[in-house]
> 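Below is one structure. I have some questions about it.
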Amino acid sequence: MPLLEDFHFNVHTLRGIGPLIVLLAVALSGCSEKPQPQAAAAPPVTVAQPVKRTVTDWDEFTGRFEAVEEVSVRARVGGFVTNVEFKDGDMVHAGDLLYIIDPRPFEAVATQADGQLADARAKAELAKRELDRGLNLVQTSAVSEQVVDQRRQALQAAHAAETVAEGALRAAQLNVEFTHVMAPITGRVSRHLVSVGNLVQGSDNGSSTLLTTIVSLDPIYIYFDVDEATYLKNNRLYFEGKRPSSRETANPVQVALTGETKPSHEGKMDFIDNRLDLSTGTLRSRALIPNKDLSILPGQFGRVRLIGSAPYEAVLIPDTAIATDQSRKIVFVVKNDDTVEARPVVLGPLDEGLRVIREGLKAEDRVIVDGIQRARVGAKVTPHAAATGGGKT
């Protein structure tokens with residue numbers, strides 16, 4: 001009965017592995033069912049509406065500061081320097097004593113001139129008395145008219161000699177005064193160029209010895225050159241009544257010193273030249289800047305901002321919201337259906353940290369200010385509102 005036993009074995013074997021086959025089939029059928037893909041979530045971005053406020057355009061130029069007054073202090077009389085009365089680099093005031101040149105030779109000359117004047121006055125007094133006696137005697141014919149005329153001429157000569165003596169004394173006294181060299185203006189003095197014991201030459205024709213220099217500091221000038229295009233633009237605005245001329249009005253200016261990111265000093269226009277420089281095509285201009293703390297020195301550079309328009313209403317956004325598409329500047333705007341649109345814009349100047357948008361945006365637009373790299377034109381985004389910041393609405 002071996003065949004029957006084999007059949008019995010196979011049946012039992014099949015009965016044991018049957019459930020395993022069923023489980024395997026179920027597992028395989030489960031693996032064959034793929035999960036349905038979920039739709040990608042719209043990327044989050046931060047949006048803000050442009051700031052709307054009144055702004056004024058400013059033109060910027062590079063300028064150099066110069067002193068309003070600058071004096072080269074020179075000796076007006078010659079002699080030996082006996083005293084230096086100032087400290088190098090100090091602030092001095094008009095009338096302060098700077099140098100003393102040995103006054104004794106000039107005092108001696110003044111004393112001599114004083115004596116000559118006294119002699120001239122005595123001679124004039126004598127001539128007057130003789131003339132008075134002659135006038136009395138001529139009435140009795142004791143003296144002739146010729147004698148009277150001679151005495152009258154002698155009196156006139158005595159008066160002339162007295163005038164000459166007065167002039168000589170005044171010149172001698174001036175030379176004594178000039179031995180005390182005074183500061184002609186208030187400002188910062190340079191170093192002393194002549195030490196005690198040195199001989200200086202004095203004159204009034206510019207060949208005298210230079211002793212030191214003084215520059216005024218408050219206020220201070222800043223000179224800058226306006227290009228022809230800006231001049232023509234401002235001229236056009238003037239004739240249209242949109243901007244006052246700096247020739248007629250002290251237009252405001254703002255100045256940022258080297259290393260500063262925003263203006264720290266304010267002033268007013270003071271001068272515009274009468275012609276353009278032929279070599280540079282620019283117009284020399286000047287502004288007057290208060291310098292109360294004396295922190296600005298002549299020779300420094302500064303960035304000058306000059307009013308360049310009438311006040312106008314503008315929309316502004318942060319510079320970080322602006323992208324570049326080849327030669328165009330664009331911003332990404334979220335439309336009402338939360339899809340992204342690339343909007344070409346025309347940029348204006350910076351104003352209090354925000355960029356003026358001349359064309360391309362409206363105040364109610366929602367501009368992407370953060371997450372630009374996640375935005376795709378035509379695709380949906382998840383906008384989150386945020387304050388634009390950087391200015392007053």
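Side-chain atoms are counted along with the backbone in the values below, which use heavy atoms only and exclude waters and symmetry mates. For the single chain, residues carry numbers from 1 onward in sequence order.
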> Should L283 and D225 count as side-chain neighbours, where that means a heavy-atom distance under 4.5 Å?
no
> Do D114 and T111 have a side chain donor and acceptor closer than 3.5 Å?
no
> Do L174 and F178 have side-chain heavy atoms sitting under 4.5 Å apart?
yes
> Quick test of your reading of the model: are K292 and D218 salt-bridged, counting only N-O distances below 4.0 Å?
yes
> Look only at the side chain of R343 and the backbone of G360, and say whether a donor-acceptor pair between them is shorter than 3.5 Å.
yes
> Is any side-chain heavy atom of F224 closer than 4.5 Å to one of T62?
no
> Look at the side chain of D96 and the backbone N and O of A183, then say whether any donor-acceptor pair between them is shorter than 3.5 Å.
no
> With heavy-atom distances below 4.5 Å as the criterion, would you say the side chains of I101 and F80 are in contact?
no
> Mark yes or no for whether E130, through its side chain, and A127, through its backbone, hold a donor-acceptor pair below 3.5 Å.
no
> Among side-chain atoms of T54 and E313, is any donor-acceptor pair under 3.5 angstrom?
yes
> Closer than 3.5 angstrom, by distance alone: can the side chain of T249 be matched with the main-chain N or O of S246 as a donor-acceptor pair?
no
> Decide if atom CZ of R358 counts as having more than 12 heavy atoms of other residues, nucleotides or ligands within a radius under 6.0 Å.
yes
> Closest approach of A124 and A158, non-hydrogen atoms and distance?
CA-CB, 3.3 Å
> So does A75 get a backbone contact from the side chain of T209, meaning a donor-acceptor N/O pair under 3.5 Å?
no
> Between the side chains of D293 and S295, does any donor sit under 3.5 Å from an acceptor?
yes
> Closer than 3.5 angstrom, by distance alone: can the side chain of R355 be matched with the main-chain N or O of A321 as a donor-acceptor pair?
no
> Have a look at Q254 and tell me which of E266, K262, E60, R303 forms a side-chain contact (heavy atoms from CB on, under 4.5 Å) with it.
E266
> Using 4.0 Å as the upper bound for N to carboxylate O, is an ion pair formed by R121 and E166?
yes
> Would you please name every residue forming a ring-ring contact (aromatic ring centres under 6.0 Å, His included) with Y231, sequence neighbours left out?
none
> Heavy-atom distance under 4.5 Å between the side chains of V164 and Q116, does that happen here?
no
> Would a 4.5 Å heavy-atom cut-off, applied to side chains only, mark R328 and P344 as touching?
yes
> To the nearest 0.5 Å, what is the distance between CG on N251 and CE on M269?
7.5 Å
> Checking E260 now: which residues fulfil side-chain contact (heavy atoms from CB on, under 4.5 Å) with it, not counting sequence neighbours?
A256, L257, S264
> Both conditions, 6.0 Å and 45 degrees, for the charged tip of R64 above the ring of Y223: are they met here?
no
> Give, for atom CZ of R74 and atom OH of Y99, the distance between the pair rounded to the nearest 0.5 Å.
12.5 Å
> Can you tell me how far CZ of R76 sits from CG of N175, rounded to the nearest 0.5 angstrom?
9.0 Å
> Within this structure, what is the CD-OG distance for the pair E69 and S216, rounded to the nearest 0.5 Å?
5.0 Å
> K329 and T324: side-chain donor and acceptor closer than 3.5 Å?
yes
> Indicate whether the side chain of D102 and that of T82 have a donor and an acceptor atom separated by less than 3.5 Å.
no
> Would a distance-only check, ignoring hydrogens and angles, find a side-chain to backbone donor-acceptor pair under 3.5 Å from R188 to L217?
no
> For residues 368-385, run the donor-acceptor check on the side chains, cut-off 3.5 Å, and write out each pair with its distance to 0.1 Å, sequence neighbours left out.
| residue | atom | partner | partner atom | Å |
| --- | --- | --- | --- | --- |
| R374 | NE | P44 | O | 2.9 |
| R374 | NH2 | P44 | O | 2.9 |
| R376 | NH1 | Q373 | O | 2.9 |
| T382 | OG1 | A42 | O | 3.0 |

> First locate atom CG of N291, then atom CG of L294, and finally report the distance between them rounded to the nearest 0.5 Å.
5.5 Å
> Could you tell me if the side chain of L347 sits less than 4.5 Å from the side chain of I357, heavy atoms only?
yes
> Are any of the side-chain heavy atoms of H192 and F86 separated by less than 4.5 Å?
yes
> Flag this pair as yes if the NZ/CZ of R286 is under 6.0 angstrom from the six-membered ring centre of Y221 and inside a 45 degree cone about the axis; otherwise no.
yes
> Can any side-chain N or O of D277 pair as donor or acceptor with the backbone N or O of S279 at less than 3.5 Å?
yes
> Using modelled atom types only, decide if a donor and an acceptor are shared between the side chain of D365 and the backbone of V333 within a distance under 3.5 Å.
no
> Does the distance from a Lys or Arg side-chain N to an Asp or Glu carboxylate O, for K233 and D57, drop under 4.0 Å?
no
> What is the distance from atom CG of L193 to atom CG of D88, rounded to the nearest 0.5 Å?
8.5 Å
> Can you tell whether the side chains of K335 and E341 come within less than 4.0 Å, N to carboxylate O?
no
> Given 3.5 Å as the limit, does a donor-acceptor pair link the side chain of D337 with the main chain of T339, or not?
yes
